[in-house]
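The structure appears right after this line, and notes come after that.
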Amino acid sequence: MPGLMELNGAVGFPLALYEAYDDMAAYLAKYRTGIDIAQLTAGIASPDVKGTFEAFVVPRKLPAANGVVDARPAYEHAMRVARPALRKLYRDTFAKHKLDALVFPTVPGVALAATPEASSPENFGALIRNTDPGSNAGIPGVQLPSGLGANSGLPVGLELDGPAGSDRRLLAVGLAVEKVLGRLPAPK
């Protein structure tokens, strides 16, 4: 899919980081939690998530080569230009090749052990690399366990992404693939 990662880069973080503020503030108000976004941010225990909220979500900024920039222009571009183009790329790919699903590894390797290093920016980028574009395009996706790492015993996943609106068909494809893969033992 030529241009997939470039389009996704123009959508992913601008959309996620910009909308996180409004969505979280609305959630806190709707469910009358008694706290605001500043109090929520202060109480975040995970250093990487807290850092993301403090540096980007609350001040509405995005990382840039020279520090940070205002997120609004990138968000508006993502919603007006890049996301429609990303959706079109998926729509055209499914139609041109008459595909019911795209099949690929959920992540580019075996699951990582739950250590602080697992949340590093490099590892986070690798963990979302394969699933992020479909999520940002708003298409349905199903993840299936497909094996265990030979050395780590940790899970390996298989992702199936389908065309927009194909949720039921994609679930049927996922069930068929699950029957072929069989039941896996629990991770070690």
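For the numbers below, each heavy atom of this structure counts, side chains included, while hydrogens, waters and symmetry mates do not.
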Hey, mind stepping through Leu181 and Leu158 against side-chain contact (heavy atoms from CB on, under 4.5 Å) and telling me if it holds? CA-CA 10 Å; Leu181 294 175; Leu158 185 70; 4.3 Å; yes
Working to the nearest 0.5 angstrom, can you tell me the gap between Leu160 CG and Thr106 OG1? 8.5 Å
With rounding to the nearest 0.5 angstrom, report the CD1 to CE distance, Ile37 to Met24. 6.0 Å
Value rounded to 0.5 Å, distance of CG in Leu40 from OG1 in Thr33: 8.0 Å
Can you tell me if CZ on Phe94 sees more than 12 non-hydrogen neighbours from other groups inside 6.0 Å? yes
Side-chain contact test, heavy atoms from C-beta onward, threshold under 4.5 Å: evaluate it for Leu15 versus Met79 and give yes or no. yes
Would you call the rings of Tyr18 and Tyr75 parallel, tilted or perpendicular, where under 30° means parallel and over 60° means perpendicular? parallel
Which heavy-atom pair separates Ala20 from Val57 by the least distance, and what is that distance? CB-CG1, 3.9 Å
Leu89 versus Leu7, closest heavy-atom pair with distance: CD2-CD1, 4.1 Å
Can you confirm whether Pro163 sits close enough to Tyr90 that some side-chain heavy atom of one is under 4.5 Å from a side-chain heavy atom of the other? no
Do Phe56 and Phe53 belong together in a cluster built from hydrophobic side chains that touch within less than 4.5 Å? yes
Hydrophobic cluster membership, with links at side-chain heavy-atom distances under 4.5 Å among I/L/V/M/F/W/Y: are Val49 and Leu17 in one? yes
Flag, side chain of Lys61 to backbone of Ala71, donor-acceptor distance under 3.5 Å: no
Distance check, rounded to the nearest 0.5 Å: Asn130 atom CG versus Gln143 atom CD? 10.0 Å
Any sub-3.5 Å donor-acceptor pair from Asn136's side-chain atoms to Arg83's backbone N or O? no
Is there side-chain contact between Glu54 and Thr41, with heavy atoms separated by less than 4.5 Å? yes
More than 12 heavy atoms of other groups within 6.0 Å of Tyr21 OH: no
Considering only heavy atoms from C-beta outward, does the side chain of Leu148 approach that of Pro185 to under 4.5 Å? yes
Nearest atoms (heavy-atom pairs only) where Gly165 meets Pro140: N-CD, 4.4 Å
Within-4.5 Å side-chain heavy-atom neighbours: Pro133 and Met5: yes
Quick one: closest heavy-atom pair of Leu184 and Gly147, and the distance? CD1-N, 3.2 Å
Any side-chain heavy-atom pair from Leu62 and Val68 closer than 4.5 angstrom? no
Could you state the interatomic distance from OG (Ser166) to CG (Leu171), rounded to the nearest 0.5 Å? 9.0 Å
Would you say Leu144 and Leu170 are hydrophobically clustered, going by side-chain heavy atoms of ILVMFWY under 4.5 Å? yes
Asp161 to Gly134 - nearest heavy-atom pair and separation: OD2-CA, 3.9 Å
Just so I know, are the side chains of Glu178 and Leu175 near enough to count as touching, which here means a heavy-atom distance under 4.5 Å? yes
Can you tell me how far the CG atom of Asn8 sits from the CG atom of Asp132, to the nearest 0.5 Å? 4.5 Å
Mark yes when over 12 heavy atoms from residues, nucleotides or ligands other than Lys88 sit less than 6.0 Å from its NZ; otherwise mark no. no
Assess the residue pair Leu102 and Met1 against the criterion (side-chain contact (heavy atoms from CB on, under 4.5 Å)); give the C-alpha distance rounded to whole Å, side-chain angles, the decisive distance to 0.1 Å, and a yes or no. CA-CA 11 Å; Leu102 296 169; Met1 295 175 67; 4.0 Å; yes
In the single-linkage hydrophobic clustering (I, L, V, M, F, W, Y; side-chain heavy atoms under 4.5 Å), do Phe104 and Ile139 co-cluster? yes
If every non-hydrogen atom of Leu86 is compared with every non-hydrogen atom of Ala137, which pair is closest and at what distance? CD2-N, 3.8 Å
Flag the pair Lys96 and Asp92 as a salt bridge only when some basic side-chain nitrogen lies within less than 4.0 angstrom of an acidic carboxylate oxygen. no
In the structure I gave you, are the side-chain heavy atoms of Arg129 and Pro108 within less than 4.5 Å of one another anywhere? yes
Cluster check Val142, Leu99: I/L/V/M/F/W/Y, side chain < 4.5 angstrom: no
Could you tell me whether Arg60 and Asp70 have a side-chain N and a carboxylate O separated by less than 4.0 Å? no
Take Leu112 and Leu127 through the side-chain contact (heavy atoms from CB on, under 4.5 Å) test and state the conclusion after the steps. CA-CA 9 Å; Leu112 301 172; Leu127 291 171; 4.2 Å; yes
